[in-house]
There are 2 protein chains.
Amino acid sequence: MVKQLDAVFHALADPTRRTMVRTLAGADRTVGELAAPHPISLAAASKHIKVLERAGIVQRTVRGRQHVCRLVAEPLAAASDHLRFYERFWTGRLDALEAFVTPAPEEDPE
Amino acid sequence: MVKQLDAVFHALADPTRRTMVRTLAGADRTVGELAAPHPISLAAASKHIKVLERAGIVQRTVRGRQHVCRLVAEPLAAASDHLRFYERFWTGRLDALEAFVTPAPEEDPE
DNA sequence: TCTATTGTCAACCATGTGGTTAAGCAACTG
DNA sequence: CAGTTGCTTAACCACATGGTTGACAATAGA
């Protein structure tokens with residue numbers, strides 16, 4: 001079973017998917033609208049969106065024959081938190097020591 | 001050719017790799033030290049580290065027969081920036097409007 | 001009702017991923 | 001010098017990924 005964070009990072013590892021998410025940040029879109037800017041078939045776009053759904057980043061509402069996609073930000077927040085842990089490495093400020101205190105989330109131990 | 005951001009997100013999509021990075025946040029480590037906590041062969045760990053290197057997250061220094069790995073945070077900062085764009089979606093504060101003004105980085109158009 | 005639109009699903013293909021084992025090199029240790 | 005340690009590389013395997021095409025379902029519109 002894939003963990004949420006795995007799925008989120010994997011979803012964002014593809015530029016096509018990142019563009020889709022970026023678009024959804026502006027407004028809800030149908031599958032067709034999300035696919036349009038990309039030189040891929042609708043079926044391929046459909047797969048991309050399924051990846052985003054699996055990561056919990058996108059939620060779908062069927063409205064008539066169109067599927068309207070909506071951005072769900074919480075999983076992105078989790079990923080952002082994970083990265084923010086390393087903030088003290090690229091900001092000179094060592095006062096970001098709070099991050100250092102944060103207990104490492106104990107991943108992997110299965 | 002894979003772009004940096006792709007590589008960073010991909011590198012972080014694996015819990016084993018995330019644990020390695022987390023470990024490197026504490027101190028530099030040899031390949032063996034990074035591999036030790038994981039139930040995988042040294043060869044597999046070597047591959048993981050190569051993925052991290054390709055993403056620019058890790059730099060290697062050969063010291064005698066051991067390869068010492070060091071965390072390089074800049075690529076993580078780039079990924080963090082990307083995610084921070086969506087911050088306004090999970091914080092109620094709409095005063096994070098600066099993010100809204102940020103021009104979308106125009107990905108994908110190659 | 002007939003047709004066009006929107007999208008999914010299944011099958012297929014090429015490539016990448018994550019793991020293994022086995023071989024080998026380089027560098028310490030005796 | 002011989003053996004051990006630390007690590008990479010190559011070959012292999014099973015499976016996931018990203019793309020395709022073609023068939024199908026459901027809705028919208030004539």
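The shown structure was predicted, so the numbers you read here are calculated from the model rather than taken from an experiment. Residue numbering restarts at 1 for every chain, and letters A, B, ... go by the order of the sequence lines.
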Which listed nucleotide ([options]) is nearest to the side chain of [X]?
X	options	result
B:Val31	D:dC7, C:dG18, D:dT17	D:dC7
B:Ala44	C:dT17, D:dT4, C:dT20	C:dT20
A:Thr30	D:dT27, D:dT17, C:dG7	C:dG7
B:Ser46	D:dT9, C:dG7, C:dG19	D:dT9
A:Ile40	C:dG18, D:dT20, C:dC28	D:dT20
B:Lys47	D:dA11, D:dG19, C:dG7	D:dA11

What is the distance, to the nearest angstrom, from the [atom1] atom on [X] to the [atom2] atom on [N]?
X	N	atom1	atom2	answer
B:Lys50	C:dT17	NZ	P	12 Å
A:Arg17	D:dT17	CZ	C1'	8 Å
B:Asp6	D:dG18	CG	C1'	13 Å
A:Arg63	C:dT6	CZ	C1'	12 Å
B:Ile49	C:dG19	CD1	P	12 Å
A:His67	D:dA25	NE2	C1'	10 Å
B:Asp14	D:dT17	CG	P	12 Å
B:Gln66	C:dC28	CD	P	9 Å

Just to be sure I understand the rule, does A:Arg29 reach a base, reach only the sugar-phosphate, or reach nothing, if contact means heavy atoms closer than 4.0 Å? nothing
Students often get this wrong, so: under 4.0 angstrom with heavy atoms, is A:Ser41 touching a base, only sugar-phosphate, or nothing? base
Among A:Leu24, A:Thr23, A:Asp28, exactly one meets side-chain contact (heavy atoms from CB on, under 4.5 Å) together with A:Leu71. Which residue is that? A:Leu24
Kindly indicate whether the side chain of A:Arg65 and the base of C:dT6 share any N or O donor-acceptor pair separated by less than 3.5 Å? no
How do A:Ala43 and B:Glu53 order along DNA chain D: which one's closest nucleotide is nearer the 5' end? B:Glu53
